[in-house]
Chemist: 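Got a structure for you, questions after.
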2 protein chains.
Amino acid sequence: MKSAFESHNHSACADAAMTRATNLAAARGLRLTPVRRRVLEILLERHRALGAYEVLERLAAEGLGKQPPVAYRALEFLVENGLAHRIQRLNAFTACQSVHEDGQAPAFLICRECQTVDELDAADLRDALSTRAGQAGFTVERATIEALGLCATCAGRA
Amino acid sequence: MKSAFESHNHSACADAAMTRATNLAAARGLRLTPVRRRVLEILLERHRALGAYEVLERLAAEGLGKQPPVAYRALEFLVENGLAHRIQRLNAFTACQSVHEDGQAPAFLICRECQTVDELDAADLRDALSTRAGQAGFTVERATIEALGLCATCAGRA
DNA sequence: AATAGGAATGTTATAGCATAACATGAAATC
DNA sequence: GATTTCATGTTATGCTATAACATTCCTATT
């Protein structure tokens with residue numbers, strides 16, 4: 001699997017994600033409605049996080065909804081079902097690029113230069129965090145791990 | 001050092017933090033002005049994250065500023081100098097409870113029940129993250145590690 | 001095929017978070 | 001004491017997010 005920072009056949013990458021989403025919906029009886037499907041497609045266009053209002057603009061241009069709740073509801077659906085992630089640092093959303101258990105969100109690498117967002121499996125980091133938290137009597141339910149920095153490409157350019 | 005979740009002599013805890021802040025300001029030639037000092041005191045009242053507008057209400061009640069930029073500027077100053085932290089998940093701010101290098105923010109444990117926020121030293125987690133990111137050619141500049149869950153006290157109550 | 005119940009979407013309105021831009025004032029430096 | 005720098009005051013606005021209610025669309029059941 002190529003990282004989001006490397007150049008790759010992106011349409012294959014997006015197609016694969018759409019296929020995973022379609023299969024997941026079928027398996028779980030989720031309704032991947034036109035708005036939801038379209039929002040996921042929009043997020044999949046690039047390895048970048050989009051704000052809800054950016055998504056909404058796109059939807060509006062296509063006649064799929066003009067008000068914020070339309071975008072927020074679709075995004076919420078995608079996030080709840082692991083098809084997209086919310087990037088807290090950016091107040092924005094990105095399509096899920098990997099496969100992982102529910103609630104087991106990966107860590108994110110966010111390039112401050114090109115805004116590309118990549119996922120990193122974070123199982124070990126989450127485990128370490130849970131262990132340490134557990135020592136303080138704290139039960140971790142959801143962990144957010146986000147790194148801001150420079151990707152290789154942008155570092156090379158500078 | 002007691003965790004924020006345990007009952008403790010909180011005024012001593014807040015005083016110690018204020019003293020650290022005063023010393024840091026002196027050492028670095030920072031200006032801990034009345035507004036900045038007061039904002040830090042307000043954050044130190046409890047181990048909870050406060051939104052900028054909550055801080056602003058307090059300031060306004062005391063005649064220290066009525067407009068959002070007053071609160072945001074003071075908070076920005078505190079965060080930049082490591083005296084407070086921004087909790088991304090909450091869009092809120094909390095006083096720093098520990099001592100750490102610049103930019104080396106700790107991990108946060110956020111109880112979803114009592115809203116208490118505690119810090120955990122995250123040096124090892126950050127290192128692990130940086131190493132893993134480095135394998136993908138990514139240079140981590142700042143890492144956000146936040147865990148949402150239940151503290152021992154609240155878990156016991158349920 | 002009618003219909004009842006639930007799920008999704010449409011719509012209005014508003015709440016909450018954050019900053020740009022410019023004016024004024026205070027403090028340190030020269 | 002003039003200059004420069006930093007902090008604060010103020011106005012205005014932009015971005016992010018959700019509550020609440022109306023309507024439409026599916027689905028399952030009769």
Side-chain angles (χ1 to χ4, degrees), chain A residues 21 25-26 28-43 48-81 83-94 110 115 144 146, chain B residues 21 24-40 42-43 48-81 83-94 110 115 144 146 148:
Chain A
R28 292 203 200 160
L30 302 176
R31 291 170 57 187
L32 201 52
T33 62
V35 180
R36 292 168 175 177
R37 170 174 286 271
R38 192 69 193 110
V39 169
L40 182 53
E41 286 170 357
I42 290 168
L43 291 181
R48 238 199 79 207
L50 291 186
Y53 280 75
E54 291 181 89
V55 170
L56 181 59
E57 268 180 37
R58 295 288 306 276
L59 291 179
E62 300 171 16
L64 277 173
K66 305 192 214 308
Q67 296 77 21
V70 175
Y72 278 100
R73 284 193 285 231
L75 289 166
E76 183 186 25
F77 169 87
L78 295 172
V79 170
E80 269 175 4
N81 291 288
L83 298 172
H85 300 288
R86 182 192 184 96
I87 306 297
Q88 302 284 352
R89 279 198 83 91
L90 305 177
N91 290 326
F93 302 83
T94 186
I110 308 161
Q115 274 80 52
T144 302
E146 297 175 358
Chain B
L24 182 90
R28 291 202 200 161
L30 302 175
R31 292 169 58 188
L32 200 53
T33 62
V35 179
R36 291 168 176 177
R37 170 174 286 271
R38 192 69 193 112
V39 168
L40 182 54
I42 290 168
L43 292 181
R48 238 198 79 208
L50 291 186
Y53 279 72
E54 292 181 90
V55 170
L56 181 58
E57 271 181 33
R58 296 288 307 274
L59 290 179
E62 301 173 15
L64 278 174
K66 307 193 212 310
Q67 296 77 21
V70 174
Y72 279 100
R73 285 193 286 231
L75 289 165
E76 183 186 24
F77 169 87
L78 295 172
V79 169
E80 269 176 4
N81 292 287
L83 298 172
H85 301 288
R86 184 193 182 93
I87 306 297
Q88 304 283 352
R89 277 199 86 90
L90 305 176
N91 290 327
F93 302 84
T94 185
I110 308 161
Q115 274 81 53
T144 301
E146 296 175 357
L148 191 68

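The structure displayed is predicted, hence computed values, not measured ones. Numbered from 1 within each chain, the chains take letters A, B, ... in sequence-line order.
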Chemist: Tell me the interatomic distance from Gln67(A), atom CD, to dT23(D), atom P, rounded to whole angstroms.
Modeler: 15 Å
Chemist: When you get a sec, tell me which of dT16(D), dT9(C), dA7(D) is the closest nucleotide to the side chain of Arg36(A)?
Modeler: dT9(C)
Chemist: Measuring from the side chain of Pro69(A) (C-beta onward, heavy atoms only), which nucleotide among dG10(C), dT18(D), dT8(D) has the closest atom?
Modeler: dT18(D)
Chemist: Which nucleotide, dG10(C), dC26(D), dT11(D), lies nearest any side-chain atom of Arg31(A)?
Modeler: dC26(D)
Chemist: Quickly work out the Glu57(A) CD to dC15(D) P distance and round it to whole Å.
Modeler: 9 Å
Chemist: Rounded to the nearest Å, what distance is computed from the CZ atom of residue Phe93(A) to the C1' atom of nucleotide dT16(D)?
Modeler: 9 Å
Chemist: Can you check the Leu75(B) CG to dT19(C) C1' distance for me, whole Å?
Modeler: 14 Å
Chemist: Please round to the nearest 0.5 Å and tell me the distance separating atom CG of Leu90(A) and atom CD1 of Ile110(A).
Modeler: 4.5 Å
Chemist: Just how far, in rounded Å, is P of dC17(C) from CG of Leu90(A)?
Modeler: 18 Å
Chemist: Distance check needed: dG9(D) P versus Tyr72(B) OH, whole Å only.
Modeler: 17 Å
Chemist: Counting any heavy atom closer than 4.0 Å, what does Leu30(A) reach on the DNA or RNA strands: base, sugar-phosphate only, or nothing?
Modeler: nothing
Chemist: Before accepting this row, confirm whether a basic side-chain N of the pair Arg38(A)/Glu41(A) lies closer than 4.0 Å to the acidic partner's carboxylate O.
Modeler: yes
Chemist: Counting side-chain heavy atoms from C-beta on, which of dG9(D), dT9(C), dA20(C) comes nearest to Arg73(B)?
Modeler: dG9(D)
Chemist: In terms of the nearest nucleotide of DNA chain D, which residue is placed more toward the 5' end: Ala52(A) or Gly65(B)?
Modeler: Gly65(B)
Chemist: Please tell me whether Thr94(A) and Arg48(A) have a donor and an acceptor in their side chains that are separated by less than 3.5 angstrom.
Modeler: no
Chemist: For Leu64(B), which contact category applies under a 4.0 Å heavy-atom criterion: base, sugar-phosphate, or nothing?
Modeler: sugar-phosphate
Chemist: Atom CZ of Arg37(B) and atom C1' of dA7(D): how far apart are they, to the nearest Å?
Modeler: 16 Å
Chemist: Decide, yes or no, whether a salt bridge links Glu76(A) with Arg36(A) under the criterion of side-chain N to carboxylate O below 4.0 Å.
Modeler: no
Chemist: Give the nucleotide from the list dT10(D), dC17(C), dT11(C) with an atom nearest to the side chain of Tyr53(B).
Modeler: dC17(C)
Chemist: Can you check side chain to side chain contact (heavy atoms under 4.5 Å, CB included) on Leu75(A) and Leu43(A), steps first, answer last?
Modeler: CA-CA 10 Å; Leu75(A) 289 166; Leu43(A) 291 181; 3.9 Å; yes
Chemist: Reading DNA chain D from 5' onward, which residue's closest nucleotide shows up sooner: Gly63(B) or Pro68(B)?
Modeler: Gly63(B)
Chemist: Over how many whole Å does the gap from Glu76(A) atom CD to dA8(C) atom P extend?
Modeler: 11 Å
Chemist: Considering only side-chain heavy atoms of Val35(A), which listed nucleotide, dT9(C), dG9(D), dC17(C), is closest?
Modeler: dT9(C)
